[in-house]
Amino acid sequence: MSKAVPELWRLTVSEASRLLGDREISSAELTEAFLERIAAVDGRLSAYITVTADGARRQAADADRRIAAGEGTALTGVPMQIKDLLCTKDVPTTCASRMLAEYVPVYDATAVARLREQGAVLLGKGNMDEFGMGSSTENSAFFPTRNPWNPDCVPGGSSGGSAAAVAAGTATFALGTDTGGSIRQPASFCGITGLKPTYGRISRFGLVAYASSLDQVGPLARDATDCALVLQAIAGHDPRDATSLPSRVPDYAAGLTGDISGLRLGVPKEYFAEGMDAGVRDAVSAAIDQLSGLGAEIREVSLPTTAYALACYYIIAPSECSANLARYDGVKYGYSHRGDGDMWAAMERTRQDGFGEEVKRRIMLGAFALSSGYYDAYYHKAQQVRTLIRQDFARVFEEVDVLAAPVSPVVAFPIGELTDDPVRMYLVDIYTLPVNVAGLPAMSVPCGFSDGMPVGLQLIGPHLSEDKLLNTAHAYQQATTWHRERPEM
Ligand code: GLN
């Protein structure tokens with residue numbers, strides 16, 4: 001029966017779901033196709049830290065029984081990858097750090113548990129920058145991930161393994177996390193669709209904390225429809241996360257009408273500044289023209305505090321990181337240096353050897369910004385700037401419904417090009433960070449190529465406007481084919 005559907009790994013979530021529901025394919029064969037695809041290409045990509053083949057086969061068999069009993073949902077039997085920053089019960093969760101190389105959680109993150117309840121099949125865990133700190137996946141303690149469009153280039157980060165897997169067809173969809181751009185920027189670099197939901201929309205329970213006031217879980221998938229299906233499964237209140245929002249979860253798939261006539265689309269002029277690749281500018285401008293052709297009203301707007309977002313983020317994120325990562329002391333869990341010397345010496349060595357360079361840089365920056373005498377000058381000031389950034393967006397969203405901008409000023413760059421220049425690496429996220437600082441939802445949508453590498457259009461909306469963003473992306477994807485392009489592998 002499956003002969004009629006060659007290359008099952010090319011299926012989107014919605015296509016796979018329909019074929020599974022119609023019993024034209026089984027989850028067992030679909031899962032096997034993905035495991036074969038991983039075996040064939042992941043040696044060249046390194047998008048996975050752990051592949052859970054046996055578990056995946058068992059879950060696929062369960063899903064097939066569930067579908068046969070007429071109890072399947074949109075995600076039952078659909079194979080996925082989870083970023084290694086999210087806890088998975090009985091499956092190693094390393095955060096791409098030597099510190100947690102051996103860590104096996106005894107519980108699932110809420111987002112993961114909800115996908116499992118739906119019957120999604122876990123293929124394995126995605127490579128990433130250590131603890132989510134980076135923009136290229138080169139900060140993984142284990143190995144860098146390569147971009148499926150060009151193996152000499154980075155896939156973006158920190159959810160680089162997730163984006164590369166979805167682009168290469170080694171997962172139907174993935175869950176990533178976005179603290180300053182880590183879903184949108186790799187989605188953009190790999191030519192796939194990613195959604196960073198409103199802060200609080202998805203539970204952070206079981207997400208290993210980097211910067212708690214910025215971290216958010218979200219889907220990476222092939223199109224807006226798939227993002228809507230995954231978001232539906234994971235969104236909603238969780239009593240185990242005090243920052244999770246009690247707001248009702250709309251029917252996201254039902255909101256995909258493809259009609260955006262009259263949508264007021266703002267174009268923030270600060271997001272088209274000097275230093276941006278001409279190819280990125282051209283692709284994003286063409287996408288905005290296309291959205292106008294689909295009925296959106298384009299208005300230029302201004303977000304004057306954009307210039308301060310990077311500095312603000314690089315005080316707040318490291319400050320929270322230094323507090324969150326204090327727990328890795330070699331005592332409770334994780335790597336522990338057991339050598340000579342007293343407890344303090346052991347703790348020092350544990351942190352020295354357990355963390356990579358970038359993580360240590362952030363811990364030091366954060367500890368400095370929070371230290372007595374500097375707190376007001378740095379941390380307190382950054383919080384005040386954060387309020388201004390929020391107000392800037394709130395003012396603009398009185399005039400427009402959605403903002404359109406580039407995800408990143410550049411496309412995927414060669415591996416090694418920015419590793420010695422942290423500030424240039426930080427600047428890659430200049431257009432994604434403000435969204436996290438303000439707690440807003442945003443998407444990355446494939447909109448063309450520059451120098452052979454994918455470009456992402458960023459759509460940003462007010463709090464809890466995921467439905468509007470998804471529908472805007474869907475309208476665009478109904479009129480274009482960029483999201484259907486696949487890298488040759
Ligand atoms: N690149 C940014 C950082 O290193 C964002 C990372 C993220 O979103 N996790 O902080």
Side-chain angles (χ1 to χ4, degrees), residues 84-85 94-101 103 128-142 144 157-158 177-182 185 207-215 308-337 339 341-386 416 418-430 432-433 436-437:
D84 218 14
L85 197 59
T94 68
C95 304
S97 180
R98 279 189 295 280
M99 193 61 95
L100 292 176
Y103 175 57
M128 50 180 282
D129 289 297
E130 185 174 5
F131 287 103
M133 298 173 203
S135 306
S136 66
T137 313
E138 293 165 292
N139 294 339
S140 166
F142 308 128
S158 63
T177 67
D178 192 313
T179 304
S182 282
Q185 185 258 28
L207 163 62
V208 178
Y210 160 16
S212 309
S213 77
L214 301 159
D215 298 340
Y308 309 116
L310 187 89
C312 172
Y313 176 89
Y314 275 102
I315 296 293
I316 293 175
S319 296
E320 293 182 13
C321 140
S322 77
N324 277 324
L325 273 60
R327 70 189 64 164
Y328 304 107
D329 55 7
V331 177
K332 294 185 279 291
Y333 49 80
Y335 172 72
S336 183
H337 178 84
D342 61 10
M343 186 188 84
W344 298 110
M347 199 180 288
E348 212 172 287
R349 277 297 296 276
T350 294
R351 290 171 67 80
Q352 214 166 69
D353 301 345
F355 291 135
E357 290 303 307
E358 184 61 31
V359 172
K360 285 189 268 198
R361 180 180 295 123
R362 306 271 176 116
I363 292 173
M364 287 190 284
L365 278 172
F368 178 76
L370 292 175
S371 57
S372 145
Y374 293 99
Y375 182 93
D376 282 337
Y378 293 106
Y379 187 74
H380 185 68
K381 182 62 88 189
Q383 293 295 4
Q384 289 174 318
V385 173
R386 184 173 197 171
L418 301 184
T419 35
D420 294 331
D421 194 342
V423 174
R424 272 184 70 207
M425 186 74 90
Y426 298 170
L427 280 165
V428 170
D429 299 325
I430 187 139
T432 49
L433 305 168
N436 302 74
V437 169

*Kindly indicate, with the supporting measurements, whether the criterion side chain to side chain contact (heavy atoms under 4.5 Å, CB included) is fulfilled by Thr94 and Glu130.*
CA-CA 9 Å; Thr94 68; Glu130 185 174 5; over 6 Å; no
_Residue pair Thr350, Tyr335: steps toward the side chain to side chain contact (heavy atoms under 4.5 Å, CB included) verdict_ = CA-CA 7 Å; Thr350 294; Tyr335 172 72; 3.9 Å; yes
*Is there a side chain to side chain contact (heavy atoms under 4.5 Å, CB included) between Ile363 and Phe355 once you walk through the steps?*
CA-CA 10 Å; Ile363 292 173; Phe355 291 135; 3.7 Å; yes
_Test side chain to side chain contact (heavy atoms under 4.5 Å, CB included) on Asn139 and Phe131; report intermediate values, then the result._
CA-CA 9 Å; Asn139 294 339; Phe131 287 103; over 6 Å; no
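Donor-acceptor pairing under 3.5 Å is lacking for the side chains of Thr177 and Asp215. For the residue pair Tyr313 and Arg386, no side-chain donor N or O sits within less than 3.5 Å of a side-chain acceptor on the partner. Using modelled atom types and a 3.5 Å distance limit, the side chains of Asp129 and Ser140 yield no donor-acceptor pair.
Of all heavy-atom pairs spanning Gly157 and Thr137, the tightest one is CA-OG1, 3.8 Å. Closest non-hydrogen pair, Gly366 versus Ser322, comes out as C-OG, 3.6 Å. Listed here is the closest heavy atom pair of Gly334 and Leu100: CA-CD2, 4.1 Å. The shortest heavy-atom contact between Asn324 and Ser212 is ND2-OG, 3.0 Å. Counting all heavy atoms, side chain and backbone alike, Ala382 lies closest to Cys312 at O-SG, 3.4 Å. Heavy atoms only, all atoms of each residue included: Ala317 and Tyr210 are closest at CB-OH, 3.8 Å.
Rounded to the nearest 0.5 angstrom, Ile315 CD1 and Leu365 CG are separated by 7.5 Å. The structure places SG of Cys321 at 13.5 Å from CD1 of Ile316, a figure rounded to the nearest 0.5 Å. Atom CG of Asp178 and atom OG1 of Thr432 lie 7.0 Å apart (nearest 0.5 Å). Rounding to the nearest 0.5 angstrom, the gap separating the SG atom in Cys95 from the CG atom in Leu325 is 8.5 Å. Interatomic distance, CG of Asp84 versus OG of Ser97, reported as 10.5 Å (0.5 Å rounding). Between Ser158 atom OG and Glu138 atom CD the span is 13.0 Å, to the nearest 0.5 Å.
Every residue meeting the ring-ring contact (aromatic ring centres under 6.0 Å, His included) condition with Phe368, not counting sequence neighbours, appears here in chain and number order: Tyr374, Tyr378. Contacts of Gln383 classified as side chain to side chain donor-acceptor pair (under 3.5 Å), with partners at least two apart in sequence or in another chain: Tyr379. Partners of Ser319 according to the side chain to side chain donor-acceptor pair (under 3.5 Å) rule, which considers only residues two or more places apart in sequence or in another chain, do not exist here. With sequence neighbours excluded, no residue satisfies salt bridge (Lys or Arg N to Asp or Glu O under 4.0 Å) with Arg351.
Applying the salt bridge (Lys or Arg N to Asp or Glu O under 4.0 Å) definition to pairs two or more places apart or across chains, those involving residues 313-331 are Asp329-Lys332.
A donor-acceptor distance shorter than 3.5 angstrom exists from the side chain of Arg98 to the backbone of Asp353, with no hydrogens or angles considered. Between the side chain of Lys360 and the main chain of Gln352, a donor-acceptor pair closer than 3.5 Å is present.
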Which donor-acceptor pairs under 3.5 Å do the side chains of residues 420-429 make with protein atoms, sequence neighbours left out?
residue, atom, partner, partner atom, Å
Asp421, OD1, Arg424, N, 3.4
Tyr426, OH, Glu358, OE2, 2.6
Asp429, OD2, Ser135, OG, 2.7

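No more than 12 heavy atoms of other residues, nucleotides or ligands lie within 6.0 Å of OH in Tyr308, so this atom counts as exposed by the packing criterion.
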